[in-house]
Amino acid sequence: MSQTRIKARTKAIFPGSFDPITLGHQDIVERLSLVFPEVLVLVADSTSKNYWFSTEERVQLVKQVVGHIKNVKVESFKGLTVDFVESHSPAVLVRSLRGAGDLDYEKVLADANRLLSPSVETIFMLSRHPFTGIASSLVKEISKNGGSLKKFVPPVVERALKLKSQSRA
Ligand code: COA
């Protein structure tokens, strides 16, 4: 049996690229905030990814979308996610699954994270209708082609995407 216990004060740490945050991510954060005493949204600051938005821009957008929820905090990080989670113990690493297609990738990530840090538990929250068809790359594709993003991202993100698309054109 695992030695990890979910304690009443266990934090949910929800890492991701959030390039940009979508209505799907927002729904997960809101639901996590009802289950856990504290939710930390962790914006990856990775040099290996070609992000549209800088780390600071992604953090600011996440803060504008979920920063008003009183038990939600937003931070960025460099390095291994499990190291961050371990240093914030008691905490669990949360990932979301939009469907079976996400599972293989998430299982590889969770298995690797367990080898790196056996004490860190990964738990999954299922995305729900109507958010299961949303992905940040799709949102950027729609934005580049001038489509409506109302059903995909909050208005503040739609505005940021419009400006970013224009500056990248
Ligand atoms: N709603 C909408 N979209 C969702 C979603 C949801 N509920 N859940 C996931 N997604 C989408 C994202 O929008 C993104 O879409 P895209 O591929 O079209 O851009 C996709 O799922 C995956 O994004 P994300 O969750 O941000 O994962 P990622 O693979 O970009 O990054 C990290 C994952 C940052 C958590 C991971 O790489 C990491 O931990 N990096 C730090 C270094 C580390 O520890 N690596 C692991 C070593 S084993």
Side-chain angles (χ1 to χ4, degrees), residues 11-36 39-59 61-62 65-66 69 72-89 91-145 147 149-154 156-158 160-161 164-165 168:
K11 295 181 224 36
I13 299 186
F14 182 44
S17 296
F18 303 106
D19 187 43
I21 184 168
T22 68
L23 291 176
H25 298 125
Q26 178 182 357
D27 184 60
I28 296 289
V29 175
E30 287 172 353
R31 287 161 59 206
L32 286 173
S33 75
L34 301 175
V35 176
F36 289 90
V39 180
L40 221 158
V41 184
L42 205 49
V43 179
D45 184 1
S46 161
T47 46
S48 60
K49 283 214 163 182
N50 197 6
Y51 297 121
W52 262 35
F53 293 93
S54 69
T55 305
E56 188 48 32
E57 287 171 329
R58 287 177 289 126
V59 167
L61 286 174
V62 175
V65 174
V66 292
I69 305 171
V72 172
K73 287 188 185 147
V74 184
E75 284 186 28
S76 63
F77 79 108
K78 277 192 168 84
L80 291 176
T81 302
V82 283
D83 289 344
F84 185 94
V85 177
E86 212 169 56
S87 70
H88 285 73
S89 174
V92 288
L93 197 167
V94 180
R95 297 283 290 166
S96 78
L97 295 173
R98 288 161 298 175
D102 283 342
L103 190 59
D104 286 345
Y105 171 68
E106 290 301 334
K107 190 168 161 14
V108 170
L109 202 58
D111 286 347
N113 280 335
R114 180 172 295 283
L115 291 175
L116 286 167
S117 181
S119 69
V120 171
E121 284 294 343
T122 300
I123 67 166
F124 297 98
M125 180 170 266
L126 283 178
S127 176
R128 61 179 175 174
H129 178 78
F131 307 116
T132 49
I134 300 179
S136 296
S137 52
L138 284 180
V139 156
K140 286 179 276 196
E141 185 67 20
I142 296 167
S143 179
K144 264 195 291 194
N145 290 289
L149 286 165
K150 279 187 179 36
K151 293 182 180 163
F152 295 81
V153 296
V156 65
V157 177
E158 184 166 13
L161 276 162
K164 193 59 87 175
S165 301
R168 290 173 65 93

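First listed ligand is number 1; within each ligand, the first listed atom is number 1. Computed from a predicted model, the values in this text were never measured in an experiment.
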Should you measure from each heavy atom of [X], which atoms of ligand 1 turn up under 4.0 Å away?
X    : answer
A112 : 48 (S)
A44  : 34 (C)
G79  : 41 (C), 42 (C)
S96  : 5 (C), 6 (C), 7 (N), 8 (N), 9 (C)
S137 : 16 (P), 18 (O), 19 (O)
F77  : 41 (C)
I28  : 7 (N)

Identify the protein heavy atom lying closest to [atom], giving its residue, its atom name and the separation to 0.1 Å.
atom                    : value
atom 39 (O) of ligand 1 : T81 OG1, 2.4 Å
atom 20 (C) of ligand 1 : R98 NH2, 3.9 Å
atom 43 (C) of ligand 1 : L80 CD2, 3.8 Å
atom 4 (C) of ligand 1  : H25 NE2, 3.5 Å
atom 26 (O) of ligand 1 : S17 N, 2.6 Å
atom 46 (C) of ligand 1 : L109 CD1, 3.8 Å
atom 3 (N) of ligand 1  : I134 O, 3.2 Å
atom 28 (P) of ligand 1 : K49 NZ, 3.5 Å

For this session: Check whether any side-chain N or O of R58 sits under 3.5 Å from a backbone N or O of S17 as a donor-acceptor pair, and report yes or no.
Result: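 Yes, the answer is positive, given that a donor and an acceptor are paired below the 3.5 Å cut-off.
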Side chain proximity check, [X] to [Y], heavy atoms < 4.5 angstrom:
X    : Y    : value
S136 : T22  : yes
W52  : E57  : no
T122 : R114 : no
L149 : V139 : yes

Exercise. Distance from L93 atom CG to E86 atom CD, nearest 0.5 Å?
Worked result: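 So the CG of L93 and the CD of E86 are separated by 11.5 Å.
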Exercise. How many angstroms lie between CG in D45 and OG in S76, if you round to the nearest 0.5 Å?
Worked result: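 Rounded to the nearest 0.5 Å, the CG-OG separation comes out at 5.5 Å.
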Exercise. Where does the angle between the aromatic ring planes of F18 and H25 fall among parallel (under 30°), tilted (30 to 60°) and perpendicular (over 60°)?
Worked result: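 Ring orientation of F18 relative to H25: perpendicular.
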Exercise. Does a side-chain N-to-carboxylate-O contact under 4.0 Å join R95 and D102?
Worked result: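 D102 and R95: not salt-bridged.
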For this session: Test side-chain hydrogen bond (donor to acceptor under 3.5 Å, both in side chains) on S143 and S165 and set out the steps.
Result: CA-CA 7 Å; S143 179; S165 301; 2.7 Å; yes
Problem set entry | Nitrogen or oxygen of R95 less than 3.5 angstrom from that of ligand 1 |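 Min N/O separation from ligand 1 is below 3.5 Å for R95.
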Problem set entry | Test of proximity, Y105 against ligand 1: N or O pairs below 3.5 Å |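 In this structure, Y105 places an N or O atom under 3.5 Å from an N or O of ligand 1.
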Test item: protein heavy atom less than 4.0 Å from [atom]:
atom                    : value
atom 13 (O) of ligand 1 : yes
atom 41 (C) of ligand 1 : yes
atom 37 (O) of ligand 1 : no

Problem set entry | CG/N50: more than 12 non-hydrogen atoms of other groups inside 6.0 Å |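 12 or below, so no.
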Problem set entry | Neighbour count >12 (heavy atoms, 6.0 Å) for atom NZ, K73 |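 Incorrect, the count does not exceed 12.
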